[in-house]
Asks: 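Below are the structure tokens for one structure; questions will follow.
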Amino acid sequence: MPSQQSRSDFTRDMLLKAFRQSLLDHGLEATTLATVLTETGLSKGALYHHFASKTELIAAIYKAESQAAIARAVQQAEQVATASPLAQLTATCTAWLEEIRAPDVAAILLRIGPAALGVEAAQRIENDHSLALFERQLARAADAGDIGSIDQPLAARLVNALMAELAIASLRKRGQPLPDVRGLILGVLKAMESGG
């Protein structure tokens, strides 16, 4: 017999999946709590047990989408033959750009999430995952001697901002090859090492 926690987790997951699919199929404005409740057969009480509002539900979807895209990019980068931490960083960034090109991922992370949550709130959620990852990867690169003495927190923020801009640019140029992510990141880091 399933535990109360597993039933609660199942209900939460059902709400997230149904709401996400409705957002993708019908858009932000047409997706309402009432339509998702009708579709899932769940009660308002079940919904409000997990989420206080439509915005809170979208924030949870956005966070899950962000975490999943980054996790898939990290996993793909770990397939890179080299053990260089700097190569891992650039491979992760390239893999993430490929992830963000998937229509559903792009819709949630670049269109629906920022529209519903506001650009700053969406950026804070994304930064919780990406910025911390870049900080760890840059620290490992410095420890391995891959990069010189630089302001690592600033470098992480610059790489993070570069990736956000590249994501938007790559969507505009869908179907075209990705830019040289590795070269761009190495250029930023080299400029920081030389102080210029």
Side-chain angles (χ1 to χ4, degrees), residues 20-21 23-25 27-28 61-117 119-142 144-148 150-196:
R20 180 185 183 279
Q21 195 58 53
L23 287 168
L24 293 170
D25 291 345
L28 180 59
I61 291 166
Y62 187 87
K63 181 178 179 180
E65 197 76 40
S66 172
Q67 286 175 320
I70 290 170
R72 289 188 303 268
V74 168
Q75 183 177 19
Q76 185 176 343
E78 288 172 351
Q79 308 294 321
V80 173
T82 180
S84 162
L86 188 54
Q88 290 291 315
L89 168 66
T90 59
T92 298
C93 290
T94 301
W96 182 81
L97 277 181
E98 288 292 349
E99 284 292 325
I100 203 74
R101 283 181 149 191
D104 290 359
V105 176
I108 297 293
L109 294 183
L110 298 178
R111 189 172 41 81
I112 296 169
L117 306 171
V119 173
E120 288 180 12
Q123 188 176 37
R124 275 194 304 274
I125 293 169
E126 185 73 27
N127 286 349
D128 284 346
H129 311 296
S130 59
L131 193 56
L133 171 66
F134 295 147
E135 288 171 347
R136 287 190 308 274
Q137 289 180 320
L138 285 167
R140 285 196 296 268
D146 287 351
I147 57 174
I150 61 171
D151 181 342
Q152 290 176 22
L154 175 59
R157 289 192 303 277
L158 289 172
V159 169
N160 200 43
L162 175 63
M163 294 311 300
E165 291 301 319
L166 286 173
I168 293 167
S170 74
L171 286 179
R172 285 189 201 123
K173 298 177 180 183
R174 199 180 299 259
Q176 294 181 8
L178 290 172
D180 178 12
V181 176
R182 182 178 188 279
L184 289 168
I185 291 172
L186 293 179
V188 168
L189 297 177
K190 191 67 164 169
M192 291 183 74
E193 286 176 0
S194 65

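Heavy atoms only: backbone and side chains are in, while hydrogens, waters and symmetry mates are out. Index from 1, following the sequence.
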Asks: Does Glu65 reach the main-chain N or O of Ile108 with its side chain, forming a donor-acceptor pair under 3.5 Å?
Replies: no
Asks: Supply the atom-to-atom distance Ile70 CD1 to Leu133 CG, rounded to the nearest 0.5 angstrom.
Replies: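 It is 6.5 Å, given to the nearest 0.5 Å.
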Asks: For Asp104, give me all partners under side chain to side chain contact (heavy atoms under 4.5 Å, CB included), at least two apart in sequence or on another chain.
Replies: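 Once residues adjacent in sequence are excluded, the partners of Asp104 under the side chain to side chain contact (heavy atoms under 4.5 Å, CB included) criterion are Arg20, Leu24.
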Asks: Do you know which two heavy atoms are closest between Ile112 and Leu23, and how far apart they sit?
Replies: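 That closest heavy-atom pairing would be CD1-O, 3.8 Å.
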Asks: Please list, one pair per line, the donor and acceptor atoms closer than 3.5 Å that link side chains of residues 156-166 to other protein atoms, with sequence neighbours excluded.
Replies:
residue : atom : partner : partner atom : Å
Arg157  : NH1  : Pro153  : O            : 3.4
Asn160  : OD1  : Ser130  : OG           : 2.7
Asn160  : ND2  : Asn127  : OD1          : 2.5

Asks: Within this structure, what is the CD1-CZ distance for the pair Ile147 and Arg140, rounded to the nearest 0.5 Å?
Replies: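 Ile147 atom CD1 to Arg140 atom CZ measures 11.5 Å (nearest 0.5 Å).
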Asks: Restricting to non-hydrogen atoms, name the atom on Thr92 and the atom on Ala77 that form the minimum distance, rounded to 0.1 Å.
Replies: OG1-CB, 3.2 Å
Asks: What pairs with Gln21 under side-chain hydrogen bond (donor to acceptor under 3.5 Å, both in side chains), at least two apart in sequence or on another chain?
Replies: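 Asp25.
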Asks: Using every non-hydrogen atom in the two residues, find where Pro85 and Gln137 come nearest and quote the distance to one decimal.
Replies: CB-O, 4.4 Å
Asks: Nearest 0.5 angstrom please: Leu189 CG to Leu89 CG, how far?
Replies: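 Leu189 CG to Leu89 CG: 7.0 Å, rounded to 0.5 Å.
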Asks: So with a 6.0 Å cut-off around CD of Gln67, is the heavy-atom count from everything else above 12?
Replies: yes
Asks: Can you name the nearest heavy-atom pair linking Leu110 to Ala167, along with the distance?
Replies: CD1-O, 4.3 Å
Asks: Applying salt bridge (Lys or Arg N to Asp or Glu O under 4.0 Å), name anything that partners Glu99, two or more places apart in sequence or on another chain.
Replies: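 Checked Glu99 against salt bridge (Lys or Arg N to Asp or Glu O under 4.0 Å); matches are Arg72.
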Asks: For Arg101, give me all partners under salt bridge (Lys or Arg N to Asp or Glu O under 4.0 Å), at least two apart in sequence or on another chain.
Replies: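 Partners of Arg101 by the salt bridge (Lys or Arg N to Asp or Glu O under 4.0 Å) criterion come out as none, since no residue qualifies.
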Asks: Ser66: what forms a side-chain hydrogen bond (donor to acceptor under 3.5 Å, both in side chains) with it, not counting sequence neighbours?
Replies: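 With sequence neighbours excluded, Ser66 shows a side-chain hydrogen bond (donor to acceptor under 3.5 Å, both in side chains) to Glu126, given in chain and number order.
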Asks: If you measure from CD1 on Ile61 to CG on Leu109, what distance do you get to the nearest 0.5 Å?
Replies: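 Result: 11.5 Å between the selected atoms.
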Asks: For residues Gly113 and Tyr62, report the shortest heavy-atom separation together with the two atoms involved.
Replies: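 Smallest interatomic distance, heavy atoms only, reads CA-CD1, 3.6 Å.
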Asks: Please find the pair of heavy atoms, one from Ser84 and one from Asp146, that lie closest to each other, and give the distance.
Replies: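 Closest heavy-atom pair between Ser84 and Asp146: OG-OD2, 2.9 Å.
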Asks: Scan Val181, Asp180, Leu86 and name whichever one has a side-chain contact (heavy atoms from CB on, under 4.5 Å) with Leu186.
Replies: Leu86
